[in-house]
Amino acid sequence: MGTAGASWWRDAVVYQVYIRSFADANGDGVGDIAGIRSRLDYLRDLGVDALWINPWYPSPMADGGYDVADYRAVEPVFGTADEAAAMIEEAHARGLRVILDIVPNHTSDRHAWFQAALASPPGSRERARYWFRPGSGPGGAEPPNDWQSVFGGPAWTRVPDGEWYLHLFDSSQPDLNWDNEEVRAEFEDVLRFWFDRGVDGFRIDVANGLVKQPDLPDLGPHDEEGLLLPPSRPDHPHWDRDGVHEIYRGWRRVADSYPEPPVFVAEAWSPSPERLALYLRPDELHTAFNFDYLRAPWDADALRKVIDESLATVAAVGAPATWVLSNHDVARHVSRLGRPLTPGAYSLAHLPPVDTLDRDLGTRRARAAALLMLALPGSAYVYQGDELGLWEVEDLPDEVRQDPTWERSGHTEVGRDGCRVPLPWSGSRAPFGFSPDGASAAPWLPQPADFASVTVQAEEGDPGSMLNLYRNALRLRREHPALGGGEITWLPAGPDVLAFSRGHGFACVVNLSQAPVPLPDGSRLLLASGPLDGELLPADTAAWLTV
Ligand code: GLC
């Protein structure tokens with residue numbers, strides 16, 4: 001790809017491929033690299049700029065691949081190294097960049113390093129790559145401290161010789177010790193391994209978790225913690241410690257040593273915009289996910305506030321903003337926006353019960369939310385299936401659930417499987433073209449029968465579908481000089497209405513009120529998220545306008 005796009009990432013639309021659930025080419029019920037290759041034209045035609053592929057490395061899949069056994073290889077269920085190389089090349093040939101997912105906070109317990117640590121005695125070099133400690137209490141029978149796993153239960157597991165090891169996630173995901181030089185050198189080498197293979201960047205998993213306070217003090221009483229939530233207190237012993245920044249400066253040096261420097265996007269749950277901005281300083285990471293935006297309720301004041309704060313945060317360090325509505329860790333936004341407002345809630349555990357869901361309302365708002373997001377300055381993330389209007393599958397049978405949250409919470413939290421159900425591509429019955437005809441296995445999570453109405457095939461034929469809304473919006477976003485990077489200027493608007501201009505005669509109006517509102521005088525419609533009511537913009541509808 002040419003150097004002309006050296007800043008491509010500043011306003012890229014990045015499509016998140018949850019590989020297990022995207023497309024299954026070999027019929028084993030699990031998505032694979034061959035499936036991605038077969039759908040690259042679909043992604044090009046959708047109009048996105050880049051793919052972010054969730055971890056595709058060898059893994060026992062205790063946490064959907066975020067338990068990596070070998071960072072330099074490809075999980076055989078997903079394909080081969082040759083297929084990965086071909087996919088990268090074919091994506092590039094279509095003008096699509098490829099971002100992989102790196103998981104530096106922890107390895108799988110099957111990783112060679114952890115296996116060696118288990119086989120080595122306390123105090124050994126092998127154990128020093130992780131956090132092994134004696135227990136507390138009589139006979140060391142209690143965990144070394146009071147830290148809890150994000151997935152529920154204690155963050156420590158005991159090994160047969162009596163020591164305990166730290167895991168902020170599942171017990172099969174031991175935390176690496178980033179004070180250890182071998183760990184630092186290893187990951188810089190892993191980055192080079194994939195950059196040498198043409199990868200355009202990395203999403204950094206749990207980027208705020210790598211450094212621990214070395215004496216591992218108790219956390220004490222604290223607020224709830226979880227994926228995407230800000231750390232529960234300042235000077236937290238294991239989230240967002242100042243020491244992480246030195247690591248990312250090193251990573252940036254690695255990236256910048258390439259003629260077309262690859263880029264990073266951080267998953268960093270941060271206590272404040274100021275703390276998040278530290279990750280985005282010019283010698284650190286390029287971008288970070290905007291979880292405050294994802295967690296904002298469907299409310300004009302709240303959205304305007306988070307948009308202003310986000311833009312101010314990144315402007316202070318010269319980074320672009322990012323916007324995201326859903327990912328593989330949260331309930332799909334159709335199902336969030338279709339419920340009574342619950343500010344900040346993003347998982348089924350914290351949202352009102354399913355009998356409060358109005359899916360049509362959620363879909364209408366999701367359409368408006370897409371136009372709002374794609375009109376904001378910066379880079380945007382589309383989670384696979386957003387463009388089809390998929391909803392959270394809330395009635396999966398318990399026996400198919402795979403998210404470790406389900407077991408570790410003692411079956412009190414269903415976890416994240418409902419947003420990971422395989423995509424419906426075509427046809428009227430499962431597997432809806434996810435797997436080929438005559439597949440040897442059913443999709444790894446069952447698809448609901450009503451996915452028939454939201455297959456790619458069904459939506460392609462319907463001019464009013466979510467898919468065609470995304471296609472039109474992404475095409476306009478590419479063509480219109482106002483969209484992508486740049487400034488935003490708020491325009492006067494009635495209560496519960498967001499209106500802003502982006503220069504070049506472009507404006508976006510989103511009606512979050514209960515009643516129709518007039519459009520700005522003399523404006524001409526470019527695209528609307530739903531039918532207008534004469535000259536009026538109905539409730540829960542967004543419009544892109546020439547003014
Ligand atoms: C990140 C991933 C999530 C995973 C966790 C542990 O938050 O997005 O899916 O479970 O890290 O690796």
Side-chain angles (χ1 to χ4, degrees), residues 14 16-22 31 52-69 71 75 99-111 114 130 147-153 155 166-176 178 187 190 202-210 212 224-231 238-240 244 264-270 276 279 288-291 294-295 322 324-332 346-349 381 383-384 392 401-409 413-421 445:
V14 183
Q16 180 188 349
V17 176
Y18 193 73
I19 180 169
R20 305 169 83 190
S21 303
F22 184 67
W52 149 36
I53 304 174
N54 289 102
W56 66 7
Y57 317 103
S59 166
M61 296 289 156
D63 182 22
Y66 284 95
D67 45 328
V68 179
Y71 292 84
E75 162 62 39
I99 295 173
L100 298 186
D101 206 321
I102 193 161
V103 188
N105 181 67
H106 43 265
T107 68
S108 161
D109 59 356
R110 308 288 173 78
H111 190 282
F114 194 73
Y130 294 90
W147 297 1
Q148 297 290 302
S149 154
V150 171
F151 296 149
L166 173 68
H167 53 87
L168 294 181
F169 295 89
D170 190 51
S171 55
S172 65
Q173 295 167 295
D175 277 52
L176 286 163
W178 276 83
F187 274 85
V190 168
F202 274 102
R203 177 252 189 199
I204 306 171
D205 189 63
V206 197
N208 61 332
L210 276 49
K212 278 79 181 176
E224 191 191 355
E225 306 201 313
L227 288 179
L228 275 60
L229 287 181
H238 63 73
W239 296 137
D240 192 44
V244 296
F264 297 107
V265 52
E267 184 205 28
W269 332 312
S270 192
L276 187 65
Y279 291 81
F289 290 110
N290 188 345
F291 295 131
L294 184 150
R295 293 171 54 222
T322 69
V324 59
L325 293 167
S326 280
N327 65 29
H328 65 292
D329 290 329
V330 306
R332 283 188 178 272
Y346 58 85
S347 71
L348 285 186
Y381 284 79
Y383 176 46
Q384 66 178 38
E392 184 77 4
R401 295 191 189 285
Q402 300 209 9
D403 183 351
T405 310
W406 172 240
E407 287 302 328
R408 290 194 62 88
S409 69
E413 290 193 28
V414 294
R416 302 161 291 173
D417 292 312
C419 65
R420 300 174 176 180
V421 173
L445 285 173

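Sequential numbering from 1 along the given sequence is applied to the chain's residues. Counting convention: from 1, in listed order, for ligands and their atoms alike.
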Peer 1: Check salt bridge (charged side-chain N to carboxylate O under 4.0 Å, His left out) between R203 and all other residues, then give those that pass, not counting sequence neighbours.
Peer 2: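 In terms of salt bridge (charged side-chain N to carboxylate O under 4.0 Å, His left out), with neighbours along the sequence ignored, R203 is linked to D101, D205, E267.
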
Peer 1: Partners of R401 by salt bridge (charged side-chain N to carboxylate O under 4.0 Å, His left out), sequence neighbours excluded?
Peer 2: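 R401 satisfies salt bridge (charged side-chain N to carboxylate O under 4.0 Å, His left out) with D398 once adjacent residues are dropped.
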
Peer 1: Between ligand 1 and the protein, find all N/O pairs closer than 3.5 Å and give the distance for each.
Peer 2:
{"unit_1": "ligand 1", "atom_1": "7 (O)", "unit_2": "E267", "atom_2": "OE1", "d": "3.2"}
{"unit_1": "ligand 1", "atom_1": "7 (O)", "unit_2": "E267", "atom_2": "OE2", "d": "2.7"}
{"unit_1": "ligand 1", "atom_1": "8 (O)", "unit_2": "R203", "atom_2": "NH2", "d": "2.9"}
{"unit_1": "ligand 1", "atom_1": "8 (O)", "unit_2": "H328", "atom_2": "NE2", "d": "2.9"}
{"unit_1": "ligand 1", "atom_1": "8 (O)", "unit_2": "D329", "atom_2": "OD2", "d": "2.5"}
{"unit_1": "ligand 1", "atom_1": "9 (O)", "unit_2": "H328", "atom_2": "NE2", "d": "2.9"}
{"unit_1": "ligand 1", "atom_1": "9 (O)", "unit_2": "D329", "atom_2": "OD1", "d": "2.7"}
{"unit_1": "ligand 1", "atom_1": "9 (O)", "unit_2": "R416", "atom_2": "NH1", "d": "3.2"}
{"unit_1": "ligand 1", "atom_1": "10 (O)", "unit_2": "D63", "atom_2": "OD1", "d": "3.2"}
{"unit_1": "ligand 1", "atom_1": "10 (O)", "unit_2": "D63", "atom_2": "OD2", "d": "2.6"}
{"unit_1": "ligand 1", "atom_1": "10 (O)", "unit_2": "R416", "atom_2": "NH1", "d": "3.0"}
{"unit_1": "ligand 1", "atom_1": "11 (O)", "unit_2": "D205", "atom_2": "OD1", "d": "2.8"}
{"unit_1": "ligand 1", "atom_1": "11 (O)", "unit_2": "D205", "atom_2": "OD2", "d": "3.1"}
{"unit_1": "ligand 1", "atom_1": "12 (O)", "unit_2": "H106", "atom_2": "NE2", "d": "2.9"}
{"unit_1": "ligand 1", "atom_1": "12 (O)", "unit_2": "D205", "atom_2": "OD2", "d": "2.8"}

Peer 1: T405: what forms a side-chain hydrogen bond (donor to acceptor under 3.5 Å, both in side chains) with it, not counting sequence neighbours?
Peer 2: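 Partners of T405 under the side-chain hydrogen bond (donor to acceptor under 3.5 Å, both in side chains) test: D403.
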
Peer 1: If I compare all heavy atoms of L325 with all of L294, which pair ends up nearest, and what's the gap?
Peer 2: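 Looks like O-CG, 3.6 Å.
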
Peer 1: May I ask you to say whether D63 pairs ionically with R408, meaning some side-chain N is under 4.0 Å from a carboxylate O?
Peer 2: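 Looking at R408 together with D63, the answer is no, because their closest N to O distance does not fall below 4.0 Å.
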
Peer 1: Indicate the ring-plane relationship of H328 and Y383, choosing parallel, tilted or perpendicular according to the 30° and 60° boundaries.
Peer 2: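 Judged by the thresholds at 30° and 60°, the geometry between H328 and Y383 is tilted.
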
